[in-house]
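For reference, the structure is listed below as structure tokens.
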Amino acid sequence: MRTTRTFRTALLTAAVAGLAATALPAAPAAAAPVAPKFLSAGQWPASLTPWTAGPVHKGLPEDGSVCTAGTIPAKGTRHRDFRTELDTGARQTITVAPTAAKAKALAAELRTALATCLDRLKEQEAGLEGVSRYHGRVNVEEGAHVYSIDTSYPEVGSTDIGLHSVGRDGRTVTVLEWGQLGDLDGAPLKGFRKTTGTAVAKLH
């Protein structure tokens, strides 16, 4: 009798345990990593005509970027171009590195590429003149840095101004490029610094 009772008790215990196991919610599946967010058209410095945002593309742009070509890896990179109806254009490139350390190293390499860009351009293009300036740090996440490159061809009479920045948030590095005809006096440097802060802050 005792054996029968023990057997029934064991069966009841197993049944209850089975019901409890069935009632437990399944472990949630690991969420896919959220892709970093790009700037919208309206977050660039105001222009005489509205900005238009192109689609986000994977990899590096086909036409390359004058100052950072050969520095940014294609893997883990996406880019988006922006334009206005006048001679003003911009681009944002975002790279997610495997580790924060590699992202930090990439950001440092990009800063060097921007700081030395004008000298390299002068070596490639005879007659090119210009001035390159560093406009300081933007205090956002792991930091961002702003540069300008003012170029001209005196023989032709053309001048171009480019504003550039690189910033990092953890494993993610973003580069902003803005350019138009003219010189630094006519460029929205203050607005570009604000755009840089916005770009890094909204990555994640």
Side-chain angles (χ1 to χ4, degrees), residues 28-47 51-84 88-117 132-149 161-180 187-204:
V34 178
K37 297 181 180 66
F38 280 80
L39 290 168
S40 64
Q43 291 174 316
W44 287 92
S47 183
W51 285 95
T52 300
V56 174
H57 295 285
K58 289 184 178 180
L60 297 169
E62 291 183 3
D63 57 353
S65 294
V66 175
C67 290
T68 60
T71 305
I72 301 175
K75 186 176 181 180
T77 295
R78 298 182 301 152
H79 68 276
R80 188 180 201 183
D81 289 338
F82 302 80
R83 64 179 180 81
T84 69
T88 305
R91 172 178 290 158
Q92 181 179 13
T93 304
I94 296 176
T95 303
V96 179
T99 65
K102 289 186 177 181
K104 183 178 180 180
L106 174 61
E109 290 176 12
L110 286 166
R111 288 192 61 192
T112 299
L114 292 176
T116 60
C117 182
S132 177
R133 294 185 177 91
Y134 172 59
H135 296 281
R137 175 188 171 97
V138 177
N139 292 320
V140 57
E141 301 301 341
E142 275 69 57
H145 300 269
V146 179
Y147 301 79
S148 69
I149 302 175
I161 177 64
L163 301 179
H164 307 260
S165 63
V166 54
R168 181 173 71 89
D169 179 2
R171 295 193 299 125
T172 307
V173 178
T174 188
V175 174
L176 302 186
E177 304 166 81
W178 176 99
Q180 72 175 21
L189 181 58
K190 184 177 180 180
F192 184 77
R193 286 181 60 86
K194 181 179 179 181
T195 296
T196 295
T198 300
V200 177
K202 74 177 294 186
L203 287 171
H204 297 290

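Values below: all heavy atoms of this structure, side chains included; hydrogens, waters and symmetry mates excluded. All values reported here derive from a predicted model rather than from experimental measurement. We're numbering straight along the sequence, starting at 1.
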For the pair Phe82 and Thr52, evaluate side-chain contact (heavy atoms from CB on, under 4.5 Å) and give the outcome as yes or no after the intermediate values. CA-CA 6 Å; Phe82 302 80; Thr52 300; over 6 Å; no

Test side-chain contact (heavy atoms from CB on, under 4.5 Å) on Ile94 and Thr77; report intermediate values, then the result. CA-CA 6 Å; Ile94 296 176; Thr77 295; over 6 Å; no

Leu176/Trp44 under side-chain contact (heavy atoms from CB on, under 4.5 Å): CA gap, chis, key distance, verdict: CA-CA 10 Å; Leu176 302 186; Trp44 287 92; 4.1 Å; yes

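Not counting sequence neighbours, the partners of Thr112 by the side-chain contact (heavy atoms from CB on, under 4.5 Å) test are Thr116. Residues satisfying the ring pair (Phe, Tyr, Trp, His ring centres under 6.0 Å) test with Phe192, not counting sequence neighbours, are none. Every salt bridge (charged side-chain N to carboxylate O under 4.0 Å, His left out) that Asp81 has, sequence neighbours left out, goes to Arg91.
For the pair Pro73 and Leu106, the minimum side-chain heavy-atom distance is below 4.5 Å. Within the 4.5 Å cutoff, side-chain heavy atoms of Val96 are placed close to those of Pro36.
Closest non-hydrogen pair, Gly167 versus Val200, comes out as CA-CG2, 3.9 Å. Nearest heavy-atom pair, Val138 versus Gly197, reported as atom, atom and distance to 0.1 Å: CG1-CA, 4.0 Å. Smallest separation of non-hydrogen atoms from Ala187 and Ile161: CB-CG1, 4.0 Å. The two atoms that bring Ala103 and Ala97 nearest to each other are N-CB, 3.6 Å, heavy atoms only. Smallest separation of non-hydrogen atoms from Leu114 and Ile149: O-CD1, 4.2 Å. Here the closest heavy-atom approach between residue Tyr134 and residue Val146 is recorded as CD1-O, 3.3 Å.
Panel note: side chain Arg80, backbone Leu39; a donor-acceptor pair is recorded below 3.5 Å. Panel note: side chain Thr195, backbone Gly191; a donor-acceptor pair is recorded below 3.5 Å. The backbone N or O of Pro188 lies less than 3.5 Å from no partner atom in the side chain of Trp178, so there is not a single donor-acceptor pair. Remark: the backbone N or O of Lys102 is paired with a side-chain donor or acceptor of Thr99 at under 3.5 angstrom.
If you check the side chains of Gln43 and Lys202, you find a donor sitting under 3.5 Å from an acceptor. Checking Tyr147 against His135 by side-chain atom types alone, no donor-acceptor pair falls below 3.5 Å.
Among residue pairs with one or both ends in residues 54-79, those qualifying as ring-ring contact (aromatic ring centres under 6.0 Å, His included) are His57-His79; sequence neighbours excluded. Sorted pairs that involve residues 67-79 and meet salt bridge (charged side-chain N to carboxylate O under 4.0 Å, His left out), not counting sequence neighbours, are lacking altogether. Applying the side chain to side chain donor-acceptor pair (under 3.5 Å) test to residues at least two apart or on different chains, the pairs with a partner in residues 161-176 are Gln92-Thr174, Ser165-Thr196, Thr172-His204.
Here Leu110 contributes atom CG and Cys67 contributes atom SG; the two are 10.5 Å apart, rounded to the nearest 0.5 Å.
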